[in-house]
Number of protein chains: 2
Amino acid sequence: MTETKEKKSTKGPFKRGAGVGHVYQTLHREIIELKIAPGSPIDELQLAARFSMSRTPIREALVRLAAEGLITTLPNRATIVSNIDFLNLSQFFDALTLMYRVTTRLAAANHVPADLKEINHWKDLYAQAVESRDVFEMIATNREFHLAIAKAGRNRYYVELFTRLLDEGRRILRLYYQSYNDEIPHLYVDEHEKMVQAIIDRDLVLCDRFAADHADQIVRQIQSYISADTRINSALPLG
Amino acid sequence: MTETKEKKSTKGPFKRGAGVGHVYQTLHREIIELKIAPGSPIDELQLAARFSMSRTPIREALVRLAAEGLITTLPNRATIVSNIDFLNLSQFFDALTLMYRVTTRLAAANHVPADLKEINHWKDLYAQAVESRDVFEMIATNREFHLAIAKAGRNRYYVELFTRLLDEGRRILRLYYQSYNDEIPHLYVDEHEKMVQAIIDRDLVLCDRFAADHADQIVRQIQSYISADTRINSALPLG
DNA sequence: ACACAATAATCTGTCGACAATTAAAATACA
DNA sequence: TGTATTTTAATTGTCGACAGATTATTGTGT
């Protein structure tokens with residue numbers, strides 16, 4: 001046999017228990033990228049057919065997503081993609097700002113050379129996305145950039161919370177990207193540059209200030225998007 | 001029929017989908033309270049027999065616990081209760097301290113009268129537990145006290161992270177309660193009193209300082225427990 | 001024509017069983 | 001006797017099917 005294990009058959013393309021992870025990751029991305037709109041019902045049978053597997057592993061993936069708050073299960077009724085609760089956005093902004101500050105500070109304190117390589121990698125990709133005016137790529141690379149900083153800070157609790165917050169932020173930005181303005185992203189490129197330099201210099205105070213400023217920028221941007229939004233009732237929960 | 005719905009039979013004491021929640025809560029508590037030791041294997045068949053239900057709802061509860069990090073699933077092999085990783089305790093201390101400070105500050109800013117009632121309730125219960133020298137009750141009520149403060153702060157992201165951290169702390173304290181000293185708890189009673197007063201006065205600065213001090217106390221306490229621990233290899237992961 | 005009740009359809013929650021995989025036990029061999 | 005190899009056992013991951021519950025549909029009465 002030239003190939004020991006690639007696909008055990010045409011039906012089951014995943015080996016033993018890898019399917020759940022695949023379903024989880026796929027749905028996660030589709031929810032974050034608003035491929036599935038908030039409030040949309042999730043049909044287990046449909047997913048089972050789509051991924052060509054039983055409902056059982058599908059449900060396990062859904063339970064994971066529910067634990068993360070990405071989907072909401074109405075008991076005995078449909079499970080839906082969680083709505084973005086615009087009524088409590090201040091909680092989100094507050095936590096996001098704090099995590100920006102804390103993770104950047106910790107990165108300055110704890111980073112090793114390998115971390116800088118990763119951070120610079122995403123910093124460059126973000127600048128590149130700005131150059132080519134690819135809005136979705138900007139949103140995605142910006143997330144990875146700040147997540148790389150968080151990982152350099154070496155605190156799994158912060159990394160976990162920050163990941164959730166950045167993902168939530170991606171959903172909101174996607175929802176309002178229509179009014180995206182390409183002045184702001186260039187500003188972000190500069191701010192990213194300054195943050196990285198402060199991390200390299202291990203200047204905690206400067207990191208904290210840059211991170212706070214950066215967070216304020218993003219919060220203001222999101223707020224301006226929302227207030228500039230013209231769609232009627234776009235912010236109302238569907239349920 | 002005098003009773004419309006209580007138990008549909010002697011076998012299934014829970015109605016439609018309430019079983020998973022029960023299993024989750026029960027296992028959660030048993031893990032937190034160290035009824036099940038870290039590293040212990042979790043047998044699905046055994047749990048299914050114990051709760052007299054199929055493996056399917058058991059597995060869903062386990063997936064939830066795994067998402068929370070309380071259990072670890074080795075693929076195709078046993079799932080075990082997660083070990084406390086003593087190598088990265090500083091991450092835990094750092095995050096715990098930050099959450100103490102942030103939640104107490106927010107409580108000062110956002111609390112309403114009903115919150116104070118809840119906070120005072122648990123403050124009194126803690127003091128009472130100290131009086132009766134019930135160590136486990138101290139640990140439990142202390143958690144509820146600080147969680148009540150966090151809830152008064154009205155930020156679900158912080159409440160969620162803080163909950164996880166406090167639970168992790170409970171596991172560690174349980175592991176080392178043998179050397180519990182009843183001088184410290186009295187100090188905590190005073191500190192709790194001062195924190196509540198600062199919250200009532202809406203004094204953010206004072207809240208921050210008291211919370212930071214309180215966190216430092218607890219961190220020092222845990223650290224002293226660990227260094228005073230005489231058991232050989234008690235801090236080593238089993239795997 | 002509208003409100004209400006009965007019925008049907010659809011989807012979730014649960015179950016028992018089978019397949020795949022790994023750990024343990026038994027056997028063979030040096 | 002100790003080590004490698006096969007066999008057995010136990011346990012996880014997956015499946016198809018059934019039962020309970022909710023929503024949509026149809027039917028009935030005023």
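Proteins come first, then strands; the chains are lettered A, B, ... in the order of their sequence lines, and each starts at number 1.
- When the C1' atom of D:dA10 is taken as reference, atom CG of B:Asp43 falls 9 Å away, rounded to whole Å.
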Practice item. Would you please test A:Tyr100 and A:Ile218 for side-chain contact (heavy atoms from CB on, under 4.5 Å) and show each step? Key: CA-CA 11 Å; A:Tyr100 264 114; A:Ile218 289 176; 3.1 Å; yes
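- The separation between A:Glu44 atom CD and D:dA17 atom P is 17 Å, rounded to whole Å.
- Distance A:Ile80 CD1 to C:dC11 C1': 15 Å, rounded to the nearest Å.
- Dashed line: the shortest gap from a side-chain N or O of A:Arg16 to OP1 or OP2 of D:dT12 is not under 4.0 Å.
- The CD-C1' distance, from B:Gln46 to D:dA10, rounds to 13 Å in whole Å.
- No engagement by B:Leu62 is indicated, since no non-hydrogen atom pair under 4.0 Å with the nucleic acid exists.
- Checking the phosphate oxygens (OP1, OP2) of D:dC15, no side-chain nitrogen or oxygen of A:Arg55 falls inside 4.0 Å.
- The nearest heavy atom of DNA chain D to A:Gly19 and to A:Asn76 marks one nucleotide each, and the one closer to the 5' end goes with A:Gly19.
- Taking every side-chain heavy atom of B:Met53 into account, C:dC15 is the closest of D:dC15, D:dT12, C:dC15.
- Under 3.5 Å, the side chains of A:Tyr157 and B:Asp94 contain no donor-acceptor pair of N or O atoms.
- Comment: B:Arg143 engages B:Asp167 in a salt bridge, judged by a side-chain N to carboxylate O separation of less than 4.0 angstrom.
- The side chain of B:Thr56 sits closest to C:dC15 out of D:dT11, C:dT12, C:dC15.
- When heavy atoms are screened at a 4.0 angstrom cut-off, A:Ile42 is found touching the sugar-phosphate backbone but no base atom.
- Here D:dA9 presents its P atom at 16 Å from CG of B:Leu45, a figure rounded to the nearest Å.
- Checked for salt-bridge contact, B:Glu68 and B:Arg164 miss the test: no charged N lies under 4.0 Å from a carboxylate O.
- Listed pair A:Arg59 / C:dT12 fails the phosphate criterion, with no side-chain N or O lying under 4.0 Å from OP1 or OP2.
- We find that B:Arg50 and B:Glu30 are joined by a salt bridge, their nearest charged nitrogen and carboxylate oxygen being less than 4.0 Å apart.
- For the pair A:Lys15 NZ and D:dT12 C1', the computed distance is 16 Å after rounding to whole Å.
- One can place CG of B:Leu74 at 20 Å from P of D:dA10, the figure rounded to the nearest angstrom.
- Atom pair A:Arg77:CZ and C:dG13:C1' shows a separation of 15 Å (rounding to whole Å applied).
- Among the protein residues, B:Glu60 comes within range of no part of the nucleic acid, since none of its heavy atoms lies under 4.0 Å from any strand.
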